[in-house]
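Working notes for the structure below.
Hydrogens, waters and symmetry mates are skipped; everything else that's a heavy atom, side chains included, is used. All of these numbers come straight from a predicted model, not from anything done at the bench. Positions are given from 1, in the same order as the sequence printed here.
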Amino acid sequence: MWSLLTVSTAFITLANAHMAAWHPAMYCFNGTTPGQVNYNTNDATLPLYMLSQSDYWFHGINKCNEFPPADGEFLELPAGASFTVEIADNRGVTSLSDDGKHATDWPDGGTHPDSYSITNLGGAPLSSSGCIAEPNFHTQNQSMAAGSAFAISYTSNLSEVTSDNLVVFSVRYNTPWLRVTTYDVPAAMPACPTDGCICAWAWIPNGCGQPNIYMEGFKCKVTNATSTTPVGTPKPPVWCEEDQSQCVQGPKQIMIWNQAEGNNIEVSGNDLSGDPKSPAYNSKCGFQDGAQDDIFASGGSSRKRMVHKHNRGLVAF
């Protein structure tokens, strides 16, 4: 017997709320209390900092990884096309709770200016680090948002996923930003096993507070697959903003940074803008925007890299 936790307006003013990508196929979609469906959960948004591998890997710190999605729920990844998730600080401000009554264009369920930035806050507060505080997406404006990524492991068992078989296949620059976010899938993605694959969403904020990371899991499957070329073994990315020829080519791991163990990238000093270096799912660490078409074991992509064109109206200040 499942009990239901109803949604109230309390979630609208969550202090220090962070971000997760929401979809029914995610782990701990209903929260982390056995037998409860929590339409107001934010368990998947907990930031990960200086943790053991068992705690940060697929969000083990609060047992999010022990609450798989319902049988038959998959995040569908159409080869050569795109898929959509909702990035938000709480399930209650997505379309997946209370018929979407509290959802807006923004991840906090609020209303903000189109050119939202620290110089155009529209009445919202500034964080103690001088950044946008609501939502807490660790940036001063959209152009400085660090980027986020999806990765895939061709196993159906979460316990079998490692850094060596979890491959970044899609990146979206300048996210998190709006709630509805689209990611592109390489055309040459092969099909998953019968019981599906395991996917992960990853994000490393660009400063504006604690230098943490985010990781959450999904059950996923590739649809419309026509290729059988497997993905290759991923390598750890490196910082390469100053010299793009030094970027890691081919399949890459998600980045583990500022944890007690298992880090696969280290940075020091300042980036080209003069700010402290922070690993990111963008060109600074060798990731292109859109589908990562260079991830296959032997040239699996036969088409140009697809980049979904967004009218994001980036504004830098």
Go through the side-chain N and O atoms of [X] and [Y] and say whether any donor and acceptor fall under 3.5 Å apart.
X: Asp184; Y: Ser82; result: yes
X: Ser153; Y: Thr155; result: no
X: Thr104; Y: Thr111; result: no
X: Asn157; Y: Ser159; result: yes
X: Ser115; Y: Asn120; result: yes
X: Tyr214; Y: Ser148; result: no

Does the side chain of Asp89 come within less than 4.5 Å of Asn136's, by heavy atoms? no
Just by modelled atom types, is the Gly92 backbone N or O under 3.5 Å from a matching donor or acceptor in the Asn40 side chain? no
Shortest non-hydrogen pair, Val185 vs Pro78, comes out as CB-O, 3.3 Å
Answer yes or no: does atom NZ of Lys235 have more than 12 heavy-atom neighbours from other residues, nucleotides or ligands under 6.0 Å? no
Going by side-chain hydrogen bond (donor to acceptor under 3.5 Å, both in side chains), Arg91 matches just one of Asp98, Asn30, Thr41. Which one? Asn30
Residues at least two apart in sequence or cross-chain that pass ring-ring contact (aromatic ring centres under 6.0 Å, His included) with Phe169, listed by chain then number, are none
